[in-house]
J.: 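Would you mind keeping the following structure in view while I ask a few things?
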There are 2 protein chains.
Amino acid sequence: MLEARLNEAAILKRLLEAIKELVADANFECNEEGINLQAMDNSHVALVSVKLDATGFKRYRCDRPMPLGVNLNSLTKVLKCAKDDDVVIIKAADDADILSLTYEARNSDRIAEYDMKLMDIDADTLGIPDTDYDARVTMPSSEFSRIVRDLSQLGESVRIEVSKEGVRFVSEGEAANGNILLKQSEITTKAGSSSTKKEEDADEEEENEEDGEDEGGDGKKKAKKAKKEKVKKETGEDVSMNGEEEDDEEEFKADGEDGEEEQEEDSSSKKRKKAPAKATGKATKKAKKSKDGDDDGDLPDGVRIELNQHVNLTFSLKYLVNFSKSSSLSNVVQLMMSNDVPLLVSYEFGQGHIRYYLAPKIGDD
Amino acid sequence: MLEARLNEAAILKRLLEAIKELVADANFECNEEGINLQAMDNSHVALVSVKLDATGFKRYRCDRPMPLGVNLNSLTKVLKCAKDDDVVIIKAADDADILSLTYEARNSDRIAEYDMKLMDIDADTLGIPDTDYDARVTMPSSEFSRIVRDLSQLGESVRIEVSKEGVRFVSEGEAANGNILLKQSEITTKAGSSSTKKEEDADEEEENEEDGEDEGGDGKKKAKKAKKEKVKKETGEDVSMNGEEEDDEEEFKADGEDGEEEQEEDSSSKKRKKAPAKATGKATKKAKKSKDGDDDGDLPDGVRIELNQHVNLTFSLKYLVNFSKSSSLSNVVQLMMSNDVPLLVSYEFGQGHIRYYLAPKIGDD
DNA sequence: ACTTTGTGCA
DNA sequence: TGCACAAAGT
């Protein structure tokens with residue numbers, strides 16, 4: 001039995017609007033910690049991963065893990081029937097093939113209920129490469145959208161180069177070449193910069209775990225490897241596949257062995273030796289942030305670059321444009337990159353996140 | 001070597017948006033006085049002429065005249081990558097086949113650079129008929145857009161009739177006929193009317209030249225001929241072809257002999273015996289305006305009609321609709337007409353102008 | 001590229 | 001409540 005009550009239908013609507021073009025059908029994996037979705041795009045080039053923390057719901061109950069196989073197009077249609085500020089109640093019986101969505105108007109004088117057929121979807125839970133990233137770029141999501149939209153007019157692909165100078169997006173087309181340089185708003189290397197990050201809980205965790213190199217002053221990570229570890233954790237933390245920990249450079253692979261979102265709590269404590277109850281959500285994180293006076297916070301503008309090593313990768317703009325539809329979910333986006341490893345594009349939105357992975361084009365850097 | 005710095009990308013974006021449907025490729029003729037473009041539309045029916053005064057740029061440098069052959073579609077794409085308030089720097093080396101556009105964000109932490117291939121375009125510099133117009137209608141550009149859009153739904157062409165009564169736009173279609181009469185806001189004939197005109201320098205010149213009939217009271221021109229002379233100068237002034245002065249009724253013809261915008265100064269003084277340095281630009285004009293307390297100034301609404309002689313012409317609405325895309329460049333548009341002569345549709349926008357010429361349909365009036 | 005729909009503003 | 005602008009669909 002699943003019953004989840006969400007205060008704002010808007011979040012769900014935007015999520016589906018963002019991924020419905022990328023994926024046709026997907027399982028919403030529900031367990032007591034929340035709802036996760038993981039799927040490869042139709043052409044098996046990109047991977048999308050959505051997490052909604054149980055704590056993000058007004059009310060949440062999930063007796064036992066259950067996958068809800070959903071046709072995203074249908075769900076999008078159903079969600080369009082909700083007003084943005086409606087309260088949504090999602091319900092599914094334990095062995096039912098029906099998903100029920102109830103929309104309650106704020107004033108409660110309208111209650112709409114929709115039932116949607118569920119489907120069985122091969123649970124190809126995907127192993128997400130648990131990569132150590134060499135560069136993390138935090139920027140306004142609107143700017144990222146703008147850049148990929150602009151460059152997609154010129155060419156098929158974009159080369160993203162992160163250096164101390166900043167981030168450079170380069171696209172070469174038949175009619176014209178484009179080249180956009182974003183300088184970071186403040187300090188160039190990691191942390192210390194007072195530049196704000198975003199609702200990225202990762203940093204606090206770093207402090208807990210990797211200790212010495214907290215956000216404070218040291219511009220660079222002590223050791224590249226250490227840094228990588230951190231970065232990885234920051235982003236990899238919530239990724240629904242946790243049971244296994246391939247170090248990196250692995251392409252996405254299907255695996256059904258992870259405990260269905262039993263989630264980080266366990267695995268993180270075991271493998272990463274830190275376990276600041278991620279599931280407890282933002283409250284904890286934010287509290288920590290304010291204490292630390294760290295880089296987190298929401299920078300409306302401004303670009304932040306955290307860099308271990310020069311990266312230079314080429315990606316298909318078509319996919320990036322698609323990813324950038326998630327801008328409505330957050331004002332900030334993070335790009336995580338290491339050479340020869342899939343790019344991670346991450347939007348954090350309070351109740352969870354949506355992350356996209358995209359393998360670089362070969363013959364780049 | 002060309003280097004031009006424009007404070008607002010918007011102006012260029014709008015210009016290209018306005019003409020890209022009409023013309024595929026064109027030469028931007030650059031010289032020390034500014035940048036000019038002249039081209040016939042793809043079907044050789046209409047002619048478009050754009051002028052950007054050097055003085056309109058924040059910085060402008062052009063060592064020697066150079067034509068930049070541009071594919072307008074490509075340029076449009078590149079310009080779409082600029083935000084409206086970006087600063088644009090246009091650069092071209094002397095014998096390069098590359099045009100470089102650099103966009104600097106207001107806050108300067110984003111710099112985008114685009115390279116565009118240039119092409120060789122047959123420099124069919126066109127002779128624009130230096131017509132004496134019998135009627136000039138000044139009206140809000142939005143109103144003009146509305147009228148041609150409306151009428152284009154009914155029929156293929158519009159008959160424009162200017163009389164003392166006002167301007168009448170008539171279209172006859174299969175399903176319905178339309179007929180729009182615009183009465184002028186105040187006095188019917190020339191000048192004196194306090195009706196504002198627009199950034200139209202012409203009027204002051206009239207005063208200088210034709211004297212007696214300054215903006216003051218006399219509603220009509222003394223002599224029709226004199227009036228015509230004036231009108232011609234007013235509009236024909238900046239038109240890039242000045243060397244020759246075919247009196248009128250000539251269709252556009254290619255000619256390479258005009259000194260590439262050596263411009264009016266010379267010809268006007270010689271031929272028209274008045275030469276209030278048009279090239280010096282609006283400052284002069286405006287100063288004069290304010291002094292005279294004449295009709296100039298920007299009338300947001302209101303229609304002004306200057307008429308020597310009844311005109312009655314029929315035009316293809318398809319083209320007029322196309323021309324009216326320039327509304328974003330100016331709140332005011334001027335229509336200049338004489339019987340059996342191409343219509344001139346002119347938008348003035350501070351840094352220059354965009355003008356369209358369209359031959360009337362035969363069998364009209 | 002144009003038309004239609006939806007949203008924000010007056 | 002109506003109008004205008006912007007975004008999406010055809």
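Numbered from 1 within each chain, the chains take letters A, B, ... in sequence-line order. If you're wondering where the values come from, they're calculated on a predicted model, not measured in any experiment.
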J.: Which class fits the ring pair B:Y356 and B:F323: parallel under 30°, tilted 30 to 60°, perpendicular over 60°?
T.: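 The rings of B:Y356 and B:F323 lie parallel, inter-plane angle below 30°.
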
J.: Starting at CD of B:Q153 and ending at P of C:dT4, how long is that distance when rounded to a whole Å?
T.: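 Between P of C:dT4 and CD of B:Q153: 9 Å.
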
J.: Are B:E8 and B:R14 within salt-bridge range, i.e. N to O under 4.0 Å?
T.: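 So B:E8 does not pair with B:R14 through a salt bridge.
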
J.: Output the rounded distance in Å from NZ (B:K325) to P (C:dA1).
T.: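 After rounding, the gap between these two atoms is 7 Å.
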
J.: Would one find a side-chain N or O of B:K20 under 4.0 angstrom from OP1 or OP2 of C:dA1?
T.: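 For C:dA1, OP1 or OP2 has a side-chain N or O of B:K20 closer than 4.0 Å.
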
J.: Salt bridge check: are B:E348 and B:R355 linked by an N-O gap of less than 4.0 Å?
T.: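 Yes, this pair counts.
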
J.: Checking A:Y319 against A:S43: is there a side-chain donor and acceptor pair closer than 3.5 Å?
T.: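 Yes, side-chain donor-acceptor contact under 3.5 Å.
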
J.: Calculate the interatomic distance between B:R149 atom CZ and C:dT4 atom C1'; express it in whole Å.
T.: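 Distance check: B:R149 CZ to C:dT4 C1' gives 14 Å.
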
J.: Round to a whole Å and report the spacing from CG of A:D85 to C1' of C:dT7.
T.: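 So the two atoms are 14 Å apart, to the nearest Å.
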
J.: Give every pair of a protein N or O atom and an N or O atom of nucleotides 4-7 of chain D that lie under 3.5 Å apart, one pair per line with the distance.
T.:
none

J.: C:dC2 P sits how many Å from B:K318 NZ, rounded?
T.: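 To the nearest whole Å, that distance equals 11 Å.
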
J.: Provide, to the nearest angstrom, the distance between the NZ atom belonging to B:K77 and the P atom belonging to C:dA1.
T.: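 To the nearest whole Å, that distance equals 10 Å.
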
J.: How about B:Y103 and B:Y114: are their ring centroids closer than 6.0 Å?
T.: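 For B:Y103 and B:Y114, the ring centres are under 6.0 Å apart.
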
J.: Calculate the interatomic distance between A:D84 atom CG and C:dG6 atom C1'; express it in whole Å.
T.: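 Result: 11 Å.
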
J.: Can you tell me the distance, in whole Å, between the NZ atom of A:K13 and the C1' atom of D:dA8?
T.: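 Roughly 15 Å, once rounded to whole Å.
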
J.: With a 6.0 Å cut-off (strictly less than), is the heavy-atom count around CD of B:E156, excluding the residue itself, greater than 12?
T.: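 No, CD of B:E156 has 12 or fewer neighbouring heavy atoms, counting only those of other groups under 6.0 Å.
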
